Amino acid sequence: MSGEKKTFDSTEQPTLKIYNCGLTVYDSPHVGHAKVIIFFDTLRRLLLRKGFRVRYVENFTDVDDKIIQRARELGISTTLLSERYIAEYFRDFGTLNVMKADSYPRATRIMADIIQLVDGLVKMGAAYVVPSGVYLDVGKVKSYGKLSKIKLSELRAGARVEPDPEKKDPLDFALWKIYDEEPLWDSPWGRGRPGWHIECSAMVHKELGEPIDIHGGGEDLIFPHHENEIAQSETLFSKPLSNLWLHVGMLRLSGEKMSKSLGNVIPIAEFVRRWGPNTLRYYLLSGLYRRQLEYSINVLQNSRENWRIVESAKAISDRFPRIGTGEKGDQDDSSAVTSAILNFDSALSDDMNTPQALSELVKLSRLINLRFSSGQVDGDREESLSTGFNLLFDTLGFSKPSIPDEETKSVEERITSRNELRKRGEFGRADQIRSELERAGYALVDYPGGTLWYKSEYLLPGGSE
RNA sequence: GGAGGGGUGUCGGAGCGGUUACGAGCUCGCCUGCAGAGCGAGUAUACAUGGGUUCAAAUCCCAUCCCCUCCUCCA
């Protein structure tokens with residue numbers, strides 16, 4: 001709201017209430033959505049590690065003009081359509097290793113609460129009823145415009161939509177729209193459906209209670225959505241809706257915002273198939289959350305090169321959990337670990353500086369790769385490079401691909417036969433096995449004690465497909 | 001037109017008054033059966049432009065130019 005940073009203290013305030021404005025489910029989730037969701041996922045992971053308890057709520061907008069239109073085109077019900085995309089949402093964000101929210105309220109499931117809020121606003125005189133629906137009277141809200149820092153007169157001057165003659169002021173917005181086409185809900189003012197903004201006010205009220213600690217979403221929601229939520233909730237409950245607002249910068253594709261309306265979207269599923277989930281996370285965290293990020297092959301290749309270093313270190317540290325703890329008493333990386341964690345925490349604590357946090361992860365990764373390549377892998381203490389590395393890795397929400405047991409077995413068998421061939425000097429056949437495994441997505445690294453292998457996102461087709 | 005955010009080396013991207021951010025890419029070596037990972041050296045002047053403040057500015061101030069977002073639904 002003020003554009004300033006705010007400090008949370010886990011001892012004074014053990015539980016944080018966070019609400020993120022989720023998706024309107026009429027199409028597949030795309031990488032622009034992932035930018036917001038992965039940001040909030042990382043924020044949650046940091047807060048949890050810092051000792052907070054977090055109650056995180058994210059909604060689905062499942063009644064909306066676009067959903068209705070889309071369902072009509074496909075000849076299916078709006079419920080079926082939104083269920084389909086909600087299922088995709090869970091599938092895609094599952095592969096991106098995003099933690100589940102504590103609750104996923106849906107507009108259609110809280111109609112009674114929505115109606116109650118609208119009714120409250122009408123009774124207070126802050127909203128009025130006309131034949132087309134119920135509108136919030138913006139003139140009754142003294143601080144309207146405080147979030148987006150816009151003056152009413154300027155908004156009116158710049159308005160791009162023709163005013164609805166039934167509204168008192170062109171800026172008044174619908175709380176309830178009266179319709180005669182499905183889907184419909186009964187209300188004291190007539191059958192119809194709710195306005196977009198009121199659903200979030202209702203969900204926050206029901207699930208968390210005002211004021212919440214953090215309210216977030218994409219920067220394109222600042223106006224009018226969040227401004228209107230504030231107008232509704234604060235008029236009704238006379239207390240702040242949220243103590244802090246976090247808005248995530250848009251993802252741009254060739255200079256333009258990636259959005260469903262413009263049709264220039266990359267679905268998450270498609271991205272993951274080409275680049276992998278961790279490369280996406282790395283890429284999205286490689287810029288500050290509040291800044292806009294450009295989507296280009298060049299940048300993605302960059303992220304993928306960085307991710308390669310990290311995924312290699314992950315494989316090494318899982319194989320050698322005591323790496324960097326004093327091989328024969330002469331090698332101890334504990335101070336490197338300590339300072340990496342320190343820098344990492346201070347970067348994230350300062351308004352979630354994920355690019356700096358990533359650089360600490362990469363530094364530790366390089367150190368692990370270095371120790372591995374020089375054979376210093378079996379330390380003698382618990383606290384190791386790999387402990388520190390995993391801490392950063394997990395806080396940023398990276399993941400390791402799961403491999404079915406049978407596949408693990410078959411890969412290991414092939415590696416064994418490759419190593420027998422290598423022993424006999426039959427490098428041609430050995431290399432053939434290696435390249436087959438690489439085509440299947442497995443990276444092989446020979447070292448004096450054997451062969452390390454792992455599933456690698458670097459081997460995915462990337463932008464070449 | 002109004003509001004908000006940006007313009008940093010080949011590229012991504014921090015920094016926002018004084019220290020090499022970090023990383024990727026490329027070149028040449030080393031290491032390796034070959035790879036991978038790693039190591040060493042290099043990749044001229046990096047901070048949109050023009051003024052100013054200061055002992056000192058990418059960082060503060062003033063102008064100018066360019067880009068994006070919002071002012072309709074959008075993460």
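Values in this document were obtained by computation on a predicted structure and should not be read as measured data. We name chains A, B, ... by the order of the sequence lines, and we start the count at 1 in each one.
A/Gly22 comes within contact range of the sugar-phosphate backbone alone, with a heavy-atom separation under 4.0 Å but no base atom that close. Nucleic acid contact class of A/Gly217 (heavy atoms, under 4.0 Å, all strands): sugar-phosphate only. As judged by a 4.0 angstrom heavy-atom cut-off over every strand, A/Leu23 is placed among residues touching the sugar-phosphate backbone only. A/Ser259 comes within 4.0 angstrom of a nucleotide base, judged by non-hydrogen atoms across all strands.
Annotation: side-chain hydrogen bond (donor to acceptor under 3.5 Å, both in side chains) contacts of A/Lys363 (sequence neighbours excluded): A/Glu360. Looking at residues two or more places apart in sequence or on another chain, you find no salt bridge (charged side-chain N to carboxylate O under 4.0 Å, His left out) involving A/Asp172. Looking at residues two or more places apart in sequence or on another chain, you find a ring pair (Phe, Tyr, Trp, His ring centres under 6.0 Å) between A/Phe398 and A/Trp307, A/Phe393. Contacts of A/Asp446 classified as salt bridge (charged side-chain N to carboxylate O under 4.0 Å, His left out), with partners at least two apart in sequence or in another chain: A/Arg418, A/Arg422. In terms of the side-chain hydrogen bond (donor to acceptor under 3.5 Å, both in side chains) criterion, residue partners of A/Ser456 (sequence neighbours excluded) are, by chain and number, A/Glu311. Applying the ring pair (Phe, Tyr, Trp, His ring centres under 6.0 Å) criterion to A/Tyr135, with sequence neighbours excluded, gives no partner residue.
A donor-acceptor pair under 3.5 Å is absent between the side-chain atoms of A/Glu166 and the main chain of A/Val130, judged by distance alone.
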Side-chain atoms of residues 22-31 of chain A: list all donor-acceptor pairs with protein atoms under 3.5 Å, sequence neighbours left out, distances to 0.1 Å.
| from | atom 1 | to | atom 2 | distance (Å) |
| --- | --- | --- | --- | --- |
| A/Ser28 | OG | A/Glu88 | OE1 | 2.7 |
| A/His30 | ND1 | A/Gly32 | N | 2.9 |
| A/His30 | NE2 | A/His33 | NE2 | 3.3 |

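Between the OH atom of A/Tyr458 and the C1' atom of B/A24 there is a distance of 11 Å, rounded to whole Å.
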| remark: Per-nt protein contacts along nucleotides 30-43 of chain B (heavy atom under 4.0 Å; B base, S backbone sugar-phosphate only, - none) come out as ---BBBBBSS----

| task | Any chance you could list the contact pattern along nucleotides 16-21 of chain B? Use B for base contacts, S for sugar-phosphate-only contacts and - for none, protein heavy atoms under 4.0 Å, 5' to 3'. | result | -----B

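The closest side-chain heavy-atom distance from A/Ser317 to A/Leu385 is not below 4.5 Å.
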| request: Any chance you could encode RNA chain B as dot-bracket? Rule is Watson-Crick or G-U wobble with both distances under 3.5 Å; [ ] for pairs crossing earlier ones, | for another strand. | output: (((((((..(((.....[...)))((((((.......))))))....(((((..]....))))))))))))....

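Between A/Trp245 and A/His215, the ring planes are parallel. Angles under 30° get that label, and only those over 60° would be called perpendicular.
The shortest non-hydrogen separation linking A/Leu46 to A/Ser349 is CD2-N, 4.5 Å.
The side chain of A/Ser148 places no N or O atom within less than 4.0 Å of a non-bridging phosphate oxygen (OP1 or OP2) of B/C71.
Evaluation of the salt bridge (Lys or Arg N to Asp or Glu O under 4.0 Å) test over residues 95-107 of chain A, restricted to residues two or more places apart or in two chains, returns A/Glu83-A/Arg106.
A heavy atom lying under 4.0 Å from RNA chain B marks none of the residues of residues 85-100 of chain A.
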